[in-house]
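The structure appears below as structure tokens.
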Amino acid sequence: MVNLSTGAGLYEPIPGALAEFCEFFRFGCGFIYMSDYEGDFYLKEKYASYDEQKMHSRLNLRSLLGDEFFMSLSHKKQVFVNNETSKSKLEERLCMIFDATSLLFAPIVDQNMTLMSFICIIDRRGQSRLDISHFNFAFSILYTISNNIKLVLYKRGISRTQESLKSILDNMPIGLCINDTNTRDVLYTNKQMTEKYLNKEEFLSRLRFESSLKNSSDESKKWEMQSSDGSWYKVISVPLKWTDGRMVHITSLVDITGDKNQEKLIQLLADSDDLTRLPNRRKLEKDFDKLIKSGASCYLIFLDLNNFKEINDTMGHKTGDELLISIAERLTDSPITSGYAYRHGGDEFALICKGFERDMLVMVEFLLNIFDESWTIGNRQVFSGASIGISSFPTDGETYDELFGCADRAMYAAKTTLRTSAVMYNNGRLQDFEVYRRVLVD
């Protein structure tokens, strides 16, 4: 009893206590079985003062006893069989299973009253091994051994639970980090966080800082953040008390770079023209609205091909499509217009000119020059001039619709010349671009 109560090395004194118990009370055999929770019980410890018989290394107690008797064991403190007394059906079966005439059986159950282990002390000799006066003393010793075994099993259960939890956390496709709210010291990281992010100290420092900054309340917070290598992450941070009472943040990190790239691709397709791959009218409106909100001065240049319908009618729609593609490629390849050109629809294109008046003059001159030349489509030279209208922000309007309306009216004024030309809206007064440019030069 003293050895069992030391608490150090819970299982170590049990085999010795089992042997001493059997010798003191003159029982021939003693054994301890433990369950695998799948119905089988395995021999964990044994003591025998004579030849071992029916001391199975493994047995299925449920099948040997039957469900009813097996379930009843979980609700008994002990089963005691003295060879001088009559036996119940359960006691008879236990004696038969273990080839015993005297038997002391101590079940060990968990919190759910499930039999997880048992101690059985038996004797096969005709003489009684234990009189009733010694029974309580004997059972108190078995009860103490049982409690030690139960503690061992609970400890192992906790260890298995911890191992299972660690395995689950380490194999989750998210990074987990627990840090002290005040000091931001890292208290725990799972395998995903350790392997993928722990070498990114700058990123983790920022993560811990943002967790503390964003999550000063008792509620969980969600946000997205990008690392220096361009990767995107969804972050969820939850504050709680740690085991020692301090406040911590449990922060989970999910790599959403693939989703972001997919969103970017979808956005790109939504903002692109299918034929020319130039940004479309939708993208033009969004970009121009951003410029307007920034307050930066800029110009909207709108152009329409002069004889596109004739090209389609005489040379075919395929030639017309190839012409539009060639124009888009020229606008994309030139440093003057690259990044500023859009397909507005049909045979219409638009350009945004950021900056000063001289930048707009250079861009319009470039457009007039390229549309004065022929376009090589296959083996043919195709001529297609353009009519260009120009409006400026904030002089000619304060919204995209107002500015486009001005540029559109200026483009139609240019179209009356039947040649490649440009017209400035110029604060409500339509003015030929060449005249406007000469006035500036002079």
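Just so you know, these numbers use all the heavy atoms, side chains as well, and skip hydrogens, waters and symmetry mates.
Looking at I352 and Y299, their side chains never come closer than 4.5 Å, going by heavy atoms from C-beta outward. Considering only heavy atoms from C-beta on, P173 stays 4.5 Å or farther from V254 through its side chain. No side-chain heavy atom of F404 sits under 4.5 Å from any side-chain heavy atom of T399. Contact of the M363 side chain with the D359 side chain is not registered, since no non-hydrogen atoms from C-beta on lie closer than 4.5 Å. In this structure, the side chains of K150 and S146 stay at 4.5 Å or more apart for every pair of heavy atoms.
Judged purely by atom type and a 3.5 angstrom limit, S35 has no side-chain atom pairing as donor or acceptor with the backbone of M116. A donor-acceptor contact shorter than 3.5 Å links the side chain of S294 to the backbone of L291. Judged purely by atom type and a 3.5 angstrom limit, E92 has no side-chain atom pairing as donor or acceptor with the backbone of K89. Side-chain N or O atoms of R93 include one that pairs as donor or acceptor with a backbone N or O of L65 at under 3.5 Å. Side-chain atoms of S334 never come within 3.5 Å of backbone atoms of L331 as a donor-acceptor pair (strictly under, hydrogens ignored). One N or O on the side chain of S391 and one on the backbone of L403 form a donor-acceptor pair closer than 3.5 Å. Between the T319 side chain and the M315 main chain, a donor and an acceptor come within less than 3.5 Å of each other.
Residues S387 and D304 bring no donor and acceptor atom of their side chains to less than 3.5 Å of each other. Looking at T376 and Q381, their side chains do bring a donor and an acceptor atom within 3.5 Å of each other. The closest side-chain donor-acceptor pair between T114 and N112, if any, does not fall under 3.5 angstrom. Inspection of the T194 and T189 side chains reveals an N or O donor paired with an N or O acceptor under 3.5 Å. For the residue pair N190 and D170, no side-chain donor N or O sits within less than 3.5 Å of a side-chain acceptor on the partner.
Note: F118 and F105 meet the aromatic proximity criterion, with ring centroids under 6.0 Å apart. In summary, the aromatic rings of F349 and H344 are positioned with their centroids too far apart to meet the 6.0 Å limit.
A salt bridge is absent between D289 and K293; no separation between the charged side-chain nitrogens and carboxylate oxygens falls under 4.0 Å. Salt bridge status for R281 with E348: absent, with no side-chain N to carboxylate O gap under 4.0 Å. A salt bridge is defined here as a Lys NZ or Arg NE, NH1 or NH2 lying under 4.0 Å from an Asp or Glu carboxylate O, and D273 with R277 fails to meet this definition. One finds no salt bridge joining K309 and D347 here, because no Lys/Arg side-chain nitrogen approaches an Asp/Glu carboxylate oxygen to under 4.0 Å. Under the 4.0 Å criterion applied to side-chain N and carboxylate O atoms, E434 and R437 are assigned as salt-bridge partners.
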Item to complete: Might you work through the ring-ring contact (aromatic ring centres under 6.0 Å, His included) test for F31 and F98, ending with a clear yes or no?
Response: CA-CA 10 Å; F31 34 80; F98 298 111; 5.2 Å; yes
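Using cut-offs of 30° and 60° for the angle between ring planes, the F41 and F70 rings count as perpendicular.
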